[in-house]
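Structure first, then comments.
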Amino acid sequence: MLEYLWLIPVLPLLGFAVNGLVGLWKVSRTGKPQSKPFVYSVACGSVFLAFSLAVGCFWSLIQLDPHDRIIEQDLFTWITGGAVRTMSGDLANLHINWGMQLDPLSAVMILVVTGVGFLIHVYAIGYMADDEEGFYRFFSYMNLFMFMMLTLVLSNNFLVMFVGWEGVGLSSYLLIGYYIHKKSAGDAAKKAFVVNRIGDFGFIIAIMMIFSYFGTVDFTEVFEGVEAIFPTPELMWGPLSWIALLLFVGAMGKSAQIPLYVWLPDAMEGPTPVSALIHAATMVTAGVYMVARSSAIYSRAPDVLLIVAGIGIFTALVAATIAMFQQDIKKVLAYSTVSQLGYMFAALGVGAVAAGVFHLMTHAFFKALLFLGSGSVIVALHHEQDMRKMGGLKKYLPTTWWTMGIATLAIAGVPGLSGFFSKDEILWRSFSNPQGHILIWIVGVLVAGMTAFYMMRMMFLTFHGEERLLPKVAHHVQESPLVMTVPLMILAVGSAIVGFLGLPAWLGPNIFEHFLEPAFATHYQATEEVHHYAHSTEILLTVFSVTLAAMGIYIAYYFFIRHKEKSTWWVEKFRGVHQLVYNKYYVDETYDLLFVNRAKDTGRFLSAFDSNVVDGFVNGSATITRISAWISGQADIHIVDRIVNLIAEIFEYSSSLLRKVQTGLVQRYALFFVIGIILVISLYLYLGV
Amino acid sequence: MSELPQITNLLEFFLFNGRAIGPQLHLILWGLGLLCVDFLIPKNKSRVGAFFATGGIVMSAIHLYRLWGDTQPSAFYGMVTLDSFAIFFNMLFLVSALLTVVMSYRYMEVEEEQRTEYYALILFATSGMMFMAGAIDLISLFIGLELMSIATYILVGFLRRNKRSNEASIKYFLLGAFSSGVILYGMSLLYGLGGSTNLSEIASQIAGLQDNTLLYLATFLIIAGLCFKIAAVPFHMWVPDAYEGAPTSITAFMSVAVKAAAFAIFLRIIFVVFADSREMYSFVLAVIAMITITWGNVAAIIQPNIKRLLAYSSIAHAGFILMGVVVGTRSGVTAVAIYLLAYTFMNLGAWAVMILLRRQDISGERLEDFNGLFFKHPAIAILMLIFFLSLAGIPPFAGFVAKYFVFASVIESIFTEGGGNTSILIWLVLVAALNVVVSLYYYFRIVVAMFVKEDYLPVGVSFSGGLVLVLVITGSLTVLIGIYPQPFIDLAREASQSFL
Amino acid sequence: MESILFYILAGILVVFAILTVTAHNPVRSAVYLISALLATAGLFFLLEAEFLGAVQILVYVGGIMVLFLFVIILVNVREMEAQRRASRQWKTAVVLGVVLSCEFIIFVVRGADIFSAEAMNSSLVVGTQTHNTESVGRLLYSTYLLPFEIASILLLVAMVGAVVLTMKEH
Amino acid sequence: MVDIGHYLILSTVVFTIGVIGVLTRRNVIIILMSIELMLNAVNLNLIAFSDHLHSLSGQVFAVFVITVAAAEAAVGLGIVIALFSNKETVNVDEIDLMKG
Amino acid sequence: MSFFMENILTIVCFFPLLGVALIVVWPKGKEHDQSIKWIANLVALIGFFISLPLITEFNNVQYIDSETGMRFVFKADWIPTIGAQYSFGIDGISMLLILLTTLMGFIAILSSWTAVTERVREYYCYFLLLQVGMLGVFMALDFFLFYVFWEVMLVPMYFIIGVWGGPRRLYAAIKFFLYTLAGSVLLLLGILALYFYQHSVTGVWSFDVLAMQQLNIPMGLQTWIFLAMFFGFAIKVPMFPFHTWLPDAHVEAPTAGSVILAAILLKMGTYGFVRFSLPILPEATMFFLYPLLVLSVIGIIYGALVAMMQKDMKKLVAYSSVSHLGFCMLGVFVATPVALEGGILQMINHGVSTGALFLIVGIIYERRHTRMIADFGGLSLIMPVYATVFLIMTLSSIGMPTLNGFIGEFMVLQGVFADPTYRLWAVWGAVGIVLGAAYMLWLYQRVMFGKLEHEENRNLPDLNWREMATFVPLIILAFWIGLYPKTFLDYLHEPVNQIVERVRPNEFSPLPAQAFLRE
């Protein structure tokens with residue numbers, strides 16, 4: 001089975017090629033788009049095959065003995081270049097293979113990607129049904145994304161990983177900008193891509209450092225090199241810390257961590273399946289995957305670990321608070337995604353790699369489910385996303401309701417559901433691990449409570465209470481077709497049960513973590529002096545967090561079902577705070593203030609840019625860039641080029657002077673003659689040449 | 001103190017000495033013959049003069065060719081020599097004279113001044129140049145110079161009903177006479193210092209001078225006079241006016257042959273008389289060359305009249321050639337020779353096109369007269385383009401080879417000698433190099449007019465078999481020298497053999 | 001004695017030279033030039049160059065200056081007297097001329113002492129027994145034969161030229 | 001016995017007077033005469049040298065100079081006449097058809 | 001056949017002249033324009049095909065010059081007295097550039113089928129002449145010969161810009177000509193200095209480049225010669241302060257002109273540095289390395305910033321190529337093996353992607369007669385194929401992995417980074433990549449996305465077969481280089497190692513360990 005590993009990414013690629021080329025051909029020759037059945041059967045078929053292959057590979061992987069569960073396959077030599085001198089002082093040739101690596105970690109990833117991906121593809125058939133011209137475009141892009149994502153997770157070296165990394169960025173660019181006629185979509189797409197590029201900037205430099213220190217970018221070789229050269233953690237800030245930090249910068253961009261998270265909410269401009277697949281389940285977790293993958297490096301850079309944990313938990317907190325007050329259903333989910341990603345990074349930061357990946361998996365299930373659910377709601381309401389115009393949909397959309405319900409409870413951390421296990425693992429590790437810190441735990445628990453609150457709030461506002469539907473949509477709201485609901489159900493089952501793969505220590509063996517062991521084997525003994533806590537402690541903490549979650553749920557119930565007036569009263573009472581949080585801490589506005597107004601002050605320069613000043617950091621910085629660009633543009637015209645023309649003018653002017661000298665009077669000419677003689681001979685008389 | 005030759009050996013005296021000046025004699029005799037048969041020729045058939053003159057030049061060229069190789073160090077008691085240098089330059093003169101005559105006859109009809117004296121004078125002027133090239137004695141040198149000059153004064157003023165022509169000739173004449181006064185003064189001093197009129201004897205004398213103050217004065221008066229003839233700044237002022245006013249064919253002749261002759265004696269004097277006192281003049285000459293190149297090019301930039309523009313460009317070229325004189329090495333001489341060779345063809349070609357454009361009521365001198373030439377006569381336009389590219393020194397044309405050798409000689413002497421003059425030579429080379437760019441700019445103003453401007457003046461150019469012939473010859477040689485310069489380089493090196 | 005003669009002749013020469021350049025009327029300045037040339041001829045005699053002195057008087061005074069006078073008469077004189085005699089640049093010109101002559105003189109004064117050495121050996125020393133004219137003649141017909149012949153061509157050219165330039169249309 | 005220096009100085013003076021004449025006078029004919037003056041100074045030099053060197057070639061040279069002077073005068077005056085018949089002037093500062 | 005292989009370089013170089021001759025003698029009259037187009041296209045196409053053996057036979061021992069390692073060497077005396085020879089020969093670097101030239105030459109000629117309507121005859125003559133000049137530059141092993149070709153191709157380019165160009169074409173053309181000429185006369189002086197120094201050392205008069213590469217020139221002289229050559233090449237590239245002729249030339253030139261200009265002419269400058277400056281003047285290169293890197297990096301960032309502000313698509317692309325060539329120069333100058341190979345590969349990449357981008361702009365210009373970005377928007381629904389091609393080329397120019405741009409930029413930066421002294425410059429270069437994404441995507445977004453404001457854009461025809469034909473080879477190349485650059489890189493290792501060995505002796509040839517200082 002394993003020898004067909006390479007097919008897993010290639011299949012979606014073929015799907016992309018077929019759909020893309022045939023569709024393009026069709027539309028450019030006949031003007032009519034490709035027939036839908038052909039398109040989706042190709043797209044979903046390829047992904048399904050990939051999924052079944054993935055299962056097959058997974059199966060044959062777990063047949064193997066845990067210690068040789070790392071399979072590397074080099075497909076072909078990609079880049080060959082001259083020599084560089086590595087850290088150890090000897091020469092290494094730049095020789096990079098296009099290779100694949102299947103180990104527990106990537107196995108888990110491909111299962112999630114292909115599995116969830118397939119479901120979302122199926123769901124999209126229904127969701128995109130009413131889009132005529134773009135149907136083939138959409139599915140070919142989706143397949144392209146699958147290919148890139150699988151390349152990313154299956155790569156066996158940093159550079160191929162970077163290929164996938166950029167590739168998913170590209171396909172997300174295409175899919176966010178899918179609604180071509182919407183300007184906001186285009187802007188969001190560009191914003192996403194450029195912010196990601198800022199992250200990639202860090203990533204690529206990290207790769208260059210890695211190569212020029214270790215002379216290779218192959219995962220296993222690099223990690224061996226790390227162990228060889230840095231047997232102990234780097235207590236002083238050194239090259240390894242730099243590598244780790246730069247990698248993390250890349251991760252921040254891709255996984256929307258502060259301060260590079262601003263693109264994700266905007267990315268909701270894309271179709272909902274896209275948000276589900278790319279901006280919830282898979283792509284945004286690439287950062288987590290990458291950090292987990294290179295945990296060998298991180299485990300030896302404690303300072304960076306601290307930064308990762310700090311930024312992660314902080315992001316979790318901020319995003320959660322913002323999510324509590326959003327009115328747009330997809331925005332809520334977007335911020336919650338950011339918050340959950342924060343969790344994962346916190347986990348990685350405290351050294352709980354397995355826990356982080358575990359949460360990644362569970363999150364993939366329930367967050368995809370939530371998005372798809374919201375998608376079916378949106379479709380039912382004819383693309384209405386504002387929760388204030390929903391409510392009481394339960395009776396119209398039963399399936400959507402219960403599936404989303406499960407997902408909500410899962411993410412809220414209700415015991416027995418997947419979210420509970422993964423989140424609890426993270427919290428426990430952040431408490432118990434040596435790299436952990438009590439503060440992280442506290443904030444984590446707090447965030448758990450808030451999560452419970454805002455998710456329930458979303459449920460209540462959407463499905464319960466009185467109907468606030470707009471009249472025009474009110475009377476033909478009905479449940480989505482099976483092609484959309486079936487994936488919901490499957491995912492619901494998934495998000496209910498996958499949690500049992502990773503039981504807490506006091507319940508039983510943690511299969512998942514144990515399975516992942518080989519991937520991170522031997523990376524931690526360096527920092528491993530765990531003081532063992534009794535199970536009681538763990539249980540106690542769990543109880544505590546669960547109660548907090550319960551409180552969250554209750555508060556939501558209290559405010560949005562029981563005493564709705566109260567909520568408004570509270571809002572009135574704490575208007576200031578509410579305003580602050582409701583407006584996402586004015587982050588975007590602050591950026592505007594920082595860049596845009598300053599820009600305005602710079603006078604007429606900016607008149608050109610005010611027109612296209614959009615919110616946010618990117619455009620703010622873009623503004624700055626454009627100012628400097630404008631200035632250098634002006635410089636180019638008015639200084640560099642001016643000098644050139646100036647020379648020309650000088651010549652022409654002196655030419656006219658010389659013409660004046662040529663008076664046409666013969667005696668003047670004779671005069672020059674004499675002057676010439678005088679000059680020459682006085683040269684001798686006075687200078688004595 | 002030589003006795004008068006006895007009758008017995010008189011004959012072989014002339015046989016011996018006569019062959020040294022055989023080509024000149026040819027020209028002179030044919031010229032005299034032409035003057036004699038003048039009144040026999042009916043006025044309406046006066047092209048005969050042209051053919052006559054052609055015959056003379058061809059005969060002389062044949063004679064010269066027969067003399068090729070067997071040089072004669074001195075003849076007529078050390079008045080003239082027939083060394084490879086002289087032969088090379090004589091050939092140059094003959095070629096340019098021939099081309100001038102061939103391109104003239106139609107033109108003189110257009111100007112309605114078709115007269116035999118014109119051709120006779122060209123022959124005499126050419127013979128004067130040949131005497132200059134061969135002269136190794138101050139007196140014969142001076143006489144040759146004057147023969148050439150006076151003939152040229154007349155030729156410049158030959159269109160005597162044309163105000164511009166009169167004006168040109170009076171200016172040229174006054175300044176020319178003035179300059180020959182200056183040269184003579186220098187020569188008289190040189191004679192006083194050298195105690196003889198024979199160049200080599202002077203050289204041996206002045207080598208022993210303990211104080212060369214007066215020598216310096218003499219040198220620079222002569223150099224000033226020669227600079228006048230080769231049109232170097234600041235002695236160049238006559239050039240634009242004279243070139244504009246003179247009959248175009250004569251302008252061509254002057255810009256090529258007269259310049260070449262002046263350079264010939266320039267080199268001769270420099271190398272024979274001041275061979276070992278280079279330090280004295282090279283600095284000044286370098287400065288003059290620099291100024292000349294720049295002045296010529298810069299003044300041409302906005303020049304609306306093309307004849308004047310070419311005049312200025314020829315000033316600049318004089319500067320370039322002067323570079324070869326400055327270094328005063330053998331490769332310098334080679335460079336000058338090659339440059340003059342290339343310059344003869346490309347410049348005559350350009351002037352020939354100017355003559356073509358002189359059509360009945362159009363002067364062909366304004367930039368507009370070139371508009372759209374390409375669309376009406378692509379061949380002519382392309383030839384003109386080739387000449388201009390070559391003048392600007394763009395490969396693969398003759399001008400590039402010429403410029404290459406000039407630059408090479410300067411840089412070589414920078415390398416070999418070092419010493420005090422290095423810095424000035426470096427500057428010289430830089431200035432010259434950048435001037436190439438400037439020159440291209442004004443040449444291309446005309447190219448643009450020819451190739452891009454659409455409005456063509458609806459008047460046919462004045463073709464003639466002769467002009468076509470000239471254009472073909474000059475054009476093909478301009479290209480040939482550019483692509484396969486080897487044989488021409490050999491000639492030039494041969495010429496430079498005669499010094500040191 | 002000889003030096004006194006020299007100074008007298010030199011004085012005359014310079015004075016008449018200056019008059020030539022400054023006189024209003026061309027005819028006048030022609031006459032002054034003639035006298036300057038005569039003074040020069042005197043100096044030639046002083047320098048035992050009788051032949052040259054004779055040539056000077058015959059050719060210059062007898063030939064060239066007469067030609068000048070003809071032309072002056074041809075282009076009418078009266079019309080010319082009326083106008084200014086000097087061109088606009090005359091002040092500059094005079095200054096430069098003075099500078100030039102001063103520099104020349106400096107050169108000469110500095111450099112002339114090399115001649116005070118005994119007369120150099122030279123290719124053609126005058127035989128004291130022969131007469132100046134004769135020996136010049138000999139030279140002209142032997143050593144300087146070629147220039148002499150070319151000079152004849154030169155004169156011919158000049159003649160033809162003068163004719164060509166002044167000939168009336170027929 | 002007057003030494004050569006005096007003659008040289010005399011000739012320089014005459015020469016420069018001639019130069020000044022060329023530079024200042026408007027009348028072409030007088031300019032021509034000034035040129036004759038310059039040539040005359042040259043002759044003075046030559047003769048003086050030939051006396052000092054006891055070499056006759058100086059005098060021969062002078063002969064040729066006079067010849068050339070004659071030729072130049074002839075040609076020059078011819079040009080002057082041609083000019084006068086076209087332009088009715090012999091003033092050099094009115095001859096500026098071509099400039100620039 | 002054997003004759004063909006013996007003189008292949010000569011044949012490839014002068015083959016276009018055949019076309020010129022044909023076109024010149026072809027009967028006059030507008031009705032023959034069509035046949036002239038056919039002739040030109042066929043000649044160019046055949047020219048490409050007969051250049052293919054250069055690859056297939058490249059490693060055939062019988063064509064390898066044993067002591068120099070050059071291929072297909074052909075030597076003949078030209079001007080013996082000065083030692084100038086007619087000597088051709090190629091190594092991996094020039095081979096790639098030659099093939100790029102023949103290919104792009106054909107594409108450019110094909111692309112002007114409908115674009116050029118008047119004075120067709122001359123147009124194609126100039127193009128074929130240009131082809132000869134460019135090929136000669138890449139083949140010449142004799143400095144004199146090189147210089148001749150170097151100058152020769154100025155004239156046709158001048159006319160291509162000056163006759164078929166835009167409104168300010170004359171200004172642009174003469175600016176291009178004068179700028180380049182100014183550089184190349186200084187280059188000539190440099191060459192002469194080398195020539196005479198060589199003579200003073202070896203006593204032979206020769207312009208043999210390979211011989212000059214063996215000289216060890218004293219430092220002082222090296223710096224002077226380097227400066228002289230630097231102007232010659234840097235103006236051609238163009239590097240930062242000398243770049244102002246480029247936007248004008250590009251904007252005014254006809255599409256095909258811009259394509260050739262960007263794809264080949266600019267490479268002549270970079271090629272000059274690789275072939276001459278580095279190996280002949282290694283110490284001087286290292287001596288000036290710092291300012292050179294500064295200029296390159298300024299070029300990268302400055303070019304990108306200026307590009308961002310352009311309202312004219314063509315100008316934007318023009319400035320973007322200033323930025324890309326900054327990468328080339330960065331890689332070339334730092335001269336670590338990886339960087340140098342990257343720099344050379346980046347030349348090819350820039351030729352492919354920027355050439356294609358100019359074609360793209362040209363096509364839209366031909367349809368709408370405007371290049372202002374503001375006049376477009378929402379085209380991707382009207383012209384889906386065009387949009388796809390445009391997207392691919394945009395991505396390749398912003399260095400998207402799996403496309404050619406990425407390989408070049410990565411190798412350049414990696415190579416620079418590998419030298420501890422110049423790490424920082426790699427980082428700056430990487431900034432350039434981010435900016436690149438910004439301006440190219442912004443361009444793409446403004447042209448392709450958004451609503452369709454302008455009605456006249458509503459029924460623009462999509463690409464036709466001929467236009468597809470111009471793009472297909474470029475797209476294939478883009479992916480080929482992006483996915484399997486080994487094909488091309490393998491030709492570079494050998495020459496690059498020679499050069500590096502000259503510039504940084506023993507630095508990248510095996511040494512005992514611990515030679516490396518860990519900072």
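Below, chains carry the letters A, B, ... as their sequence lines are ordered, and counting in each starts from 1.
A 4.5 Å side-chain heavy-atom check between D/Glu36 and C/Thr20 finds every atom pair outside the cut-off. Side-chain contact between C/Leu140 and D/Phe64 is present, with at least one heavy-atom pair separated by less than 4.5 Å. Annotation: side chain of C/Ser135 is in contact with side chain of D/Leu56 (closest heavy-atom distance under 4.5 Å). Side-chain contact between C/Gln56 and D/Asn40 is present, with heavy atoms from C-beta onward closer than 4.5 Å. Using a 4.5 Å heavy-atom cutoff, the side chains of D/Val13 and C/Phe104 are not in contact. Counting heavy atoms from C-beta on, the side chains of C/Leu165 and D/Ile81 never come closer than 4.5 Å.
With a 4.5 Å cut-off on non-hydrogen atoms, D/Glu72 does not touch chain C at all. Using a 4.5 Å cut-off between heavy atoms, D/Leu44 contacts chain C through both its backbone and its side chain. D/Phe49 touches chain C through its side chain: at least one heavy atom from C-beta onward sits under 4.5 Å away, while N, CA, C and O do not. Looking at D/Leu83, there are no atoms closer than 4.5 Å to chain C (heavy atoms on both sides), in backbone or side chain. Only the side chain of C/Leu13 comes within less than 4.5 Å of a heavy atom of chain D; its backbone N, CA, C and O stay farther away.
Listed for the C/Arg88 side chain is no donor-acceptor partner under 3.5 Å among the backbone atoms of D/Asp93. Judged by distance alone, with hydrogens and angles left aside, the side-chain atoms of C/Gln89 form a donor-acceptor pair with the main-chain N or O of D/Leu23 at under 3.5 Å.
A distance of 6.0 Å separates OH in C/Tyr60 from CG in D/Asn43, rounded to the nearest 0.5 Å. Atom CD of residue C/Glu50 and atom CD of residue D/Gln59 lie 8.0 Å apart, to the nearest 0.5 angstrom. Atom NE2 of D/His52 and atom CG of C/Leu47 lie 12.0 Å apart (nearest 0.5 Å). Note that the CZ atom of C/Phe6 and the NE2 atom of D/His6 stand 6.5 Å from one another [nearest 0.5 Å]. C/Ser101 contributes atom OG, which lies 6.0 Å from atom CD1 of D/Ile20 (distance to the nearest 0.5 angstrom).
Most heavy-atom pairs under 4.5 Å with chain D, from the set C/Leu67, C/Leu154, C/Val109: that is C/Leu67. Top candidate by heavy-atom pairs under 4.5 Å with chain C, chosen from D/Ala71, D/Gly76, D/Gly18, is D/Ala71. Contact count against chain D (heavy-atom pairs under 4.5 Å) is highest for C/Leu52 among C/Leu46, C/Thr166, C/Leu52, C/Val108. Per-residue heavy-atom pair counts under 4.5 Å with chain D were compared for C/Ile105, C/Thr40, C/Leu37, C/Val55, and the maximum is reached by C/Thr40.
Aromatic rings from D/Phe61 and C/Tyr144 are positioned such that their centres are separated by 6.0 Å or more.
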Pair C/Phe148-D/Val60, side-chain contact (heavy atoms from CB on, under 4.5 Å): steps then yes or no: CA-CA 10 Å; C/Phe148 190 75; D/Val60 180; over 6 Å; no
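C/Ile72 pairs with exactly one of D/Leu77, D/Val80, D/Ile29, D/Ile30 by the side-chain contact (heavy atoms from CB on, under 4.5 Å) rule, that one being D/Ile29.
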